[in-house]
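Every number for a ligand or one of its atoms is a count from 1 in the order of the listing. Just the heavy atoms: all of them, side chains too, but no hydrogens, waters or symmetry mates, feed the values below.
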Amino acid sequence: MKKHNQNLLHDRRSFIKGISFALGASALGMPLISFSTGAAGSSETGSDSEFETVRPSQKKLGVALVGLGSYSTHQLAPALQDTEKCHLAGIVTGTPSKAEAWKRKYNIPDKNIYNYDTMQQIKGNPDIDIIYIVLPNGMHAEYTIKAAETGKHVICEKPMATSVEDCKRMIDACNRNNVKLSIGYRLHFEPHHQRVMELGQQKVYGAVNKIEAADSFVLRGDPTVWRLDKELAGGGPLMDLGIYCVQGAIYTLGNEPSAVTAKFGEITRPDYFDEVEQSIDWQMHFQDGAVAYCSSSYNDSASRLYGKAKNGWWELQPSFGYSGIKGRTSEGPMNLPNVNQQARQMDAFAECILENKESRVPGEMGMRDVNILMAIYEAARTGKKVQIS
Ligand code: NDP
């Protein structure tokens with residue numbers, strides 16, 4: 001594990017004890033994607049006991065954010081001011097100064113403020129219906145399982161976990177506790193991406209034969225950040241950004257790849273990339289002959305999802321950001337609105353709970369994607385074509 005920023009650790013150590021890493025171990029109104037449910041049962045079978053406590057007449061469901069880092073601070077908390085079916089009700093943080101600042105800013109009562117040791121006490125708190133895990137990837141499994149054990153529904157950020165085994169444990173824990181599990185796949189609720197799903201899956205321009213996807217940014221600053229730590233991140237840009245390319249290709253086609261090939265890029269900044277890859281290129285091969293050519297890097301800038309079909313093409317660029325997405329097809333501009341993706345995503349999950357519906361982005365989808373990411377790493381390590389099992 002990398003050496004972390006000492007001030008952060010010092011502040012944290014006095015507040016958190018015993019964080020352990022569990023690493024060993026439509027808007028279109030149609031089924032937008034096919035995915036296999038490899039795990040035992042579905043997380044969406046509903047909970048009789050839980051639904052007794054969440055009545056449709058209830059105003060807004062309460063969300064507790066776990067981990068008040070950049071995404072919680074700059075996207076999720078503001079989005080929760082814009083949601084119709086849920087609201088920010090609580091926080092779980094290891095940093096006392098953040099607890100104080102959030103309490104004042106969002107008017108959060110003391111009884112809804114937890115740290116990682118007291119989080120289990122959310123069990124008895126009727127203000128909180130959904131626990132949203134926004135921690136480093138390597139902590140998702142442990143805290144999703146803890147959240148499920150409180151009997152609250154769970155959203156877990158992407159990537160779902162750093163191993164398929166952990167994904168299974170998370171799904172099992174949610175099933176055992178009769179709670180729903182959803183992954184923070186915001187782009188399923190974004191109009192341009194929904195249009196791509198429609199164009200590809202409904203073969204509007206005929207069968208899709210080629211996809212190109214790239215998601216990259218230049219990572220600068222503190223080289224001890226968790227994103228560069230293998231244990232906490234699970235890997236480099238593939239885990240963090242490449243997952244959007246995997247998702248984009250799959251929801252363009254409505255099918256999963258049958259095999260992958262991959263190659264790590266050259267490391268030009270070894271001071272940063274001594275544990276995780278700096279960049280990676282990979283291809284996903286689909287049963288019908290379609291191929292997705294993908295790349296992801298922490299040392300480049302890219303945000304593009306392109307699809308080519310028999311009689312036309314489409315492109316989103318920029319594609320994967322929180323706003324400013326632009327789309328065009330071989331017929332011209334898409335002219336679709338940009339929306340608050342996170343607000344839509346969280347409202348959609350709240351609706352699933354209130355109406356006992358299946359999440360469009362369930363744990364099984366998160367596990368499917370982690371399985372593909374692991375196959376891509378294997379292909380890059382071995383230089384061989386790896387079948388997706
Ligand atoms: P940050 O580093 O900004 O925040 C992570 C937070 O986790 C910290 O601020 C801290 O919160 C808490 N934490 C607890 N233990 C540790 C530890 N050992 N090291 C570091 N942080 C710790 O990360 P992000 O907010 O950018 O990412 C969090 C998750 O959200 C990741 O899984 C990421 O992939 C995902 N994400 C998803 C996005 C999307 O578009 N869907 C966009 C960005 C991120 P505290 O001080 O409160 O304890």
Under 4.0 Å from a heavy atom of [X]: which atoms of ligand 1 are those, numbered in the order shown and with their elements?
X    : result
G94  : 45 (P), 47 (O), 48 (O)
M139 : 14 (C), 15 (N), 16 (C)
R186 : 39 (C), 40 (O), 41 (N)
G184 : 41 (N)
V134 : 28 (C), 29 (C), 30 (O)
T93  : 45 (P), 46 (O), 47 (O), 48 (O)
K98  : 9 (O), 11 (O), 45 (P), 46 (O), 47 (O)

What do we get for [X] next to ligand 1 when only non-hydrogen atoms under 4.0 Å count, side chain, backbone, both or neither?
X    : result
Y322 : side chain
Y244 : side chain
K158 : both

Is the backbone N or O of [Y] less than 3.5 Å from a side-chain atom of [X], with the two atoms forming a donor-acceptor pair by type?
X    : Y    : value
S296 : G242 : yes
S258 : H285 : yes
Q278 : T268 : yes
D129 : G62  : yes

Exercise for review: Report the C-alpha separation of R304 and E315 in whole Å, then their side-chain angles, then the decisive distance to 0.1 Å, and conclude whether the side-chain contact (heavy atoms from CB on, under 4.5 Å) test is met.
Suggested key: CA-CA 7 Å; R304 178 173 180 259; E315 180 181 54; 2.5 Å; yes
If you measure every N/O of [X] against every N/O of ligand 1, is any gap under 3.5 Å?
X    : result
S70  : yes
L135 : yes
L68  : yes

Hey, is [X] close enough to [Y] for a salt bridge, meaning N to O under 4.0 Å?
X    : Y    : answer
R381 : E378 : no
R169 : D166 : yes
K158 : D369 : no

Exercise for review: Test E351 against every option in K180, K85, K60 by the salt bridge (Lys or Arg N to Asp or Glu O under 4.0 Å) rule and name the one that passes.
Suggested key: K85
Would [X] count as a contact residue for ligand 1, given that I'm defining contact as a non-hydrogen atom of the residue lying under 4.0 Å from a ligand atom?
X    : answer
H140 : yes
R227 : yes
Q341 : no

Practice item. Given side chain to side chain donor-acceptor pair (under 3.5 Å), test Y272 with R227 step by step and report yes or no. Key: CA-CA 10 Å; Y272 277 74; R227 279 187 167 79; over 6 Å; no
**Study point:** Steps toward side chain to side chain donor-acceptor pair (under 3.5 Å) verdict (Y322, Q342)
**Key:** CA-CA 8 Å; Y322 308 136; Q342 290 85 359; 5.5 Å; no
Check your understanding: Looking only at non-hydrogen atoms, which of Y116, Y71, Y132, W226 approaches atom 1 (P) of ligand 1 most closely?
Key -> W226
